[in-house]
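Below is one structure; the comments refer to it alone.
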Amino acid sequence: MNTEGLVEVVLPGKVEPEGLEIRHGAVPAAGPGQVVIRMEATGVSFAEQQMRRGRYYDQPAFPFVPGYDLVGTILTTGEGVEPALAGTRVAALVKVGGWASHVLVDAADVVPVPDGIGAAEAETVVVNGITAWQMLHRKARVRAGQTILVHGANGGVGSVLVQLAQAADVKVIGTASARHHDALRERGVIPVDYRTEDVAARVRELAPAGVDAVFDHVGGRSAVDSWHLLAPGSTLVSYGSASTRDDEGSKQWPVLKLLGRVWLWNALPNRRRAYFFNVWAGRALAKNRFRAQLRADLTQVFGALQRGDVTAQIAAQLPLTRVADALRLAESGTVAGKVVLNP
């Protein structure tokens with residue numbers, strides 16, 4: 001007899017972190033092709049920081065349950081799903097809905113977590129790991145001996161990207177504020193302080209012929225500077241517009257402007273490529289291919305975690321009911337790694 005209740009966090013509208021609501025209800029039942037995951041770890045991503053400001057470009061209408069990804073154990077399975085899956089630890093990328101004690105997910109969207117990896121460890125590399133892996137290996141297609149520039153090298157995606165790049169024998173230049181430089185140097189990254197240094201000038205000094213790829217989550221002016229640092233035949237992967245998080249006005253405009261630039265750059269005869277990376281791209285058109293790639297890539301990332309190529313960076317772990325504190329901490333810019341929520 002299942003005596004558990006559902007606990008979930010609701011984002012009611014544009015609110016300060018304290019405005020998030022905790023709601024209690026009944027645990028959902030798994031429908032055909034679905035599983036119910038008992039959440040063990042979910043996290044605070046940059047997406048939720050944008051969503052609470054109404055700035056994430058395709059967020060659902062308020063109110064909704066945020067939570068981009070989660071790790072947990074399958075509690076129940078629906079019709080057409082292998083019942084033996086119950087009790088296995090899995091990860092899922094959901095975009096919204098993860099900040100809950102129990103989450104309903106299509107069985108085809110879950111990826112097994114290998115034995116020996118803890119839930120919180122695995123959580124640090126779900127959305128961050130899949131984003132880093134796909135940008136590095138599917139978009140930029142980096143090769144051993146190349147040099148790349150990673151903006152926000154200490155951030156959620158940046159820190160995983162740096163480690164995956166180094167596992168592929170790629171040299172990394174990383175931007176970060178000064179307090180993160182020692183940690184980056186220990187990882188073999190050449191740090192550049194984006195607050196006090198002229199990033200473009202410093203990168204040109206380090207890579208006079210240009211870099212082989214740039215990974216930029218800032219958008220705006222930064223993306224333009226990044227484009228000019230590329231060597232011929234290289235790739236800019238832009239994956240966000242962090243610089244507009246606190247702006248007012250249209251949430252689509254910064255993204256559309258960036259897409260326009262990307263289109264224009266790609267039209268130029270200069271042997272450089274630009275991509276705007278969105279982890280969900282292609283899902284609407286080819287769901288099965290999307291799922292197969294997601295599973296293959298996340299399995300690679302979990303393998304890197306098992307081998308120690310990637311270290312899970314848990315900034316803090318807080319219970320779901322302290323989500324306001326977790327969000328404040330993630331937004332403070334003072335922590336390295338992922339703020340993880342537990343049930």
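Keep in mind the model is a prediction, meaning the values are calculated, not measured. Atom set for the values below is all heavy atoms of this structure, side chains included, hydrogens, waters and symmetry mates excluded.
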- Ignoring hydrogens and angles, tell me if any N or O in the side chain of R89 forms a donor-acceptor pair with the backbone of I117 under 3.5 Å. yes

- Query: Do D212 side-chain atoms and Q146 backbone N/O form a donor-acceptor pair below 3.5 Å?
  - Reply: no

- Item | S234 to A213 - nearest heavy-atom pair and separation | CB-N, 4.5 Å

- Query: Hey, are D198 and R202 close enough for a salt bridge, meaning a charged N less than 4.0 Å from a carboxylate O?
  - Reply: no

- Side chains of S238 and D216: donor-acceptor distance under 3.5 Å anywhere? no

- Query: Quick one: does L164's side chain get under 4.5 Å of V160's, heavy atoms only?
  - Reply: yes

- Item | Whether R141 side chain and R138 backbone form a donor-acceptor pair below 3.5 Å | yes

- Message: Quick check against the 3.5 Å criterion: does T299 have a side-chain atom that pairs as donor or acceptor with the backbone of R295?
- Response: yes

- Over 12 non-hydrogen atoms of neighbours within 6.0 angstrom of CG in D115: no

- Item | N/O donor-acceptor pair under 3.5 Å between E186 side chain and A183 backbone | no

- Query: Are R53 and E48 close enough for a salt bridge, meaning some N to O gap below 4.0 Å?
  - Reply: no

- Side-chain touch Q166/K171, heavy atoms, less than 4.5 angstrom: no

- Message: Are the side chains of W265 and R272 in contact, using a 4.5 Å heavy-atom criterion?
- Response: no

- Message: Between D193 and T196, is there a side-chain donor-acceptor contact under 3.5 Å, judged purely by atom types and distance?
- Response: yes

- Specify whether Y68 and Y56 have parallel, tilted or perpendicular ring planes, treating 30° as the upper limit for parallel and 60° as the lower limit for perpendicular. perpendicular

- Item | All side chain to side chain donor-acceptor pair (under 3.5 Å) counterparts of N342, not counting sequence neighbours | Q317

- Query: So does R143 pair up with D169, basic N to acidic O under 4.0 Å?
  - Reply: no

- Exercise: do E123 and T42 side chains pair donor with acceptor under 3.5 Å: no

- Query: Going by atom types only, do N278 and Y57 share a side-chain donor-acceptor pair under 3.5 Å?
  - Reply: yes

- Taking it one step at a time, do D225 and W227 satisfy side chain to side chain contact (heavy atoms under 4.5 Å, CB included)? CA-CA 5 Å; D225 291 342; W227 174 254; over 6 Å; no

- Any chance you could lay out the side chain to side chain contact (heavy atoms under 4.5 Å, CB included) test for S226 and H151, step after step, and finish with the verdict? CA-CA 9 Å; S226 295; H151 286 291; 3.2 Å; yes

- Give a yes or no on whether a salt bridge exists between R328 and D325, defined as a side-chain N under 4.0 angstrom from a carboxylate O. no

- Mutual orientation of the aromatic rings belonging to W133 and H137 [parallel < 30°, tilted 30-60°, perpendicular > 60°]: tilted

- Item | E18, CD atom: more than 12 neighbouring heavy atoms under 6.0 Å | yes

- Message: Looking at every heavy atom in both L329 and A316, which two are closest together, and how far apart are they?
- Response: CD2-CB, 3.6 Å

- Message: Is there a side chain to side chain contact (heavy atoms under 4.5 Å, CB included) between L327 and R52? Walk through the geometry before answering.
- Response: CA-CA 10 Å; L327 198 48; R52 78 164 184 84; 3.6 Å; yes

- Any donor-acceptor pair under 3.5 Å from T88 side chain to L85 backbone: yes

